[in-house]
Number of protein chains: 2
Amino acid sequence: MSRKKARAALLQELEEAMRRSSAQGVLYGQTVANVAGIANSDLECMDILYLEGRVTAGRLAEVTGLTTGAITGVVDRLEKAGLVRRERDEKDRRKVFIAVVPDAAMKIGQFYVPMQQAMEKICNGYSDEELRLLLRFANEGYKGVLAATEALKGLLDTPPEKRPALKLKKLRR
Amino acid sequence: MSRKKARAALLQELEEAMRRSSAQGVLYGQTVANVAGIANSDLECMDILYLEGRVTAGRLAEVTGLTTGAITGVVDRLEKAGLVRRERDEKDRRKVFIAVVPDAAMKIGQFYVPMQQAMEKICNGYSDEELRLLLRFANEGYKGVLAATEALKGLLDTPPEKRPALKLKKLRR
DNA sequence: CTAAATCTCTTAGTGACTAAGATATATATC
DNA sequence: GATATATATCTTAGTCACTAAGAGATTTAG
């Protein structure tokens, strides 16, 4: 096999592996929501709140891609479950900040323990330098996927007949 | 900073980076479903069909975690959209295989082009050996998350008071 | 002070989902 | 071979999260 072919095969294998693991990650999230007894989007919002801290309802809508109306429902449910609190911004009284109730973060956090333990065990098999490589890749991947998402959204606003033809790779099977 | 602390910080940073990129991956998928004009689960099933080839309705339910009733709906919609075909198994006439209509794979596949191009560009910055490391990690990660998912599901069948207390890491913030 | 903009919430309607059971086919037991 | 049990998909009724549109409250611009 030529050097070039070997690399193409490697890239394809990597893509498939990442798709598989990412799909399983989604399933893990669904299972967490299930066990925690909350809806999927509710958990996603908890996750965002955990990563970003106290954010407005509008920002949640922006990040999740849901309408503000849907977010009202999400926050209602989370508030009723005692997981978050609404806090009106005193500077701009239109805004509503959503904040995680401290103890709640742990209640939800415990369901990520099996995952964290699994990842930790796996990471033990890698040197610091290797982990830094993985970190770099994850960061670049994030930026790449973010940009790709925007590019794709751009397609939505372009009428189909005006869309630039995308160059297709040949598909397997 | 001690060697140990540096590593712990690295691990945490890696975890956060992976969560972020994985969340963005989910959003990319939602956008694809949106642009393609199909439901999220429908796209997920197309993905599975693409990875696993021709599978039964029951297997789709198993892999997605949906009920068989929901899968009936998914397949109905996908069939109506001309993306898949139902094929009765002649050996066991209870079974229904779901197969992707060949051209349809490309129709959907094109929406992954922005993502693939982004990933390819990123991968160009890595040597074969580095990509092999990433592949190994992705594969191990998949297995780890799969196992963690099962562990978590196990919790569901255990009454809460009998659940083994999970050791909690201290949470940020 | 008024008009426009911004932010969240409300309402009505839609659609995908679950639970339970119906239907059809296959396998095991007598 | 007939009967019972198991397996695989589909159907039905009801639920719940979502969107679209617009209302209400507050801020900013003219």
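Reminder, nothing fancy here: chain letters follow the sequence lines and each chain counts from 1. Heavy atoms only: backbone and side chains are in, while hydrogens, waters and symmetry mates are out.
Checked against salt bridge (Lys or Arg N to Asp or Glu O under 4.0 Å), B:E129 has no partners two or more places apart in sequence or in another chain. In this structure, the side-chain contact (heavy atoms from CB on, under 4.5 Å) partners of A:L27, at least two apart in sequence or on a different chain, are A:Q24, A:Q30. Applying the side-chain hydrogen bond (donor to acceptor under 3.5 Å, both in side chains) rule to A:D128 yields the partners B:R7; only residues at least two apart in sequence or on another chain are considered. Listed by chain and number, the residues in a salt bridge (Lys or Arg N to Asp or Glu O under 4.0 Å) with A:E87 are A:R54, A:R85 (sequence neighbours excluded). Applying the salt bridge (Lys or Arg N to Asp or Glu O under 4.0 Å) test to A:R88 and every residue at least two apart in sequence or in another chain returns nothing.
Using the six-membered ring where Trp is involved, A:Y28 and A:Y112 have ring planes that are tilted, between 30° and 60° apart.
One can place CG of A:N40 at 16 Å from P of D:dC16, the figure rounded to the nearest angstrom. Atom CG of A:D76 is separated from atom P of C:dT8 by 13 Å (rounded to the nearest Å).
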Nucleotide N/O to protein N/O under 3.5 Å, stretch nucleotides 14-21 of chain C:
from, atom 1, to, atom 2, distance (Å)
C:dC17, OP1, B:S41, OG, 2.4
C:dC17, OP2, B:R77, NH2, 3.4
C:dT18, OP2, B:T67, N, 3.2
C:dT18, OP2, B:T67, OG1, 3.0

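The stretch residues 86-99 of chain B comes close to DNA chain C through B:K91, B:D92, B:R93, B:R94, each having a heavy atom under 4.0 Å from the strand.
Residue pairs meeting the side-chain hydrogen bond (donor to acceptor under 3.5 Å, both in side chains) criterion with at least one member in residues 61-73 of chain A, sequence neighbours excluded, are A:R59-A:E62. Screening residues 27-44 of chain B for salt bridge (Lys or Arg N to Asp or Glu O under 4.0 Å) gives B:D42-B:R77 as the qualifying pairs, with residues at least two apart or on separate chains.
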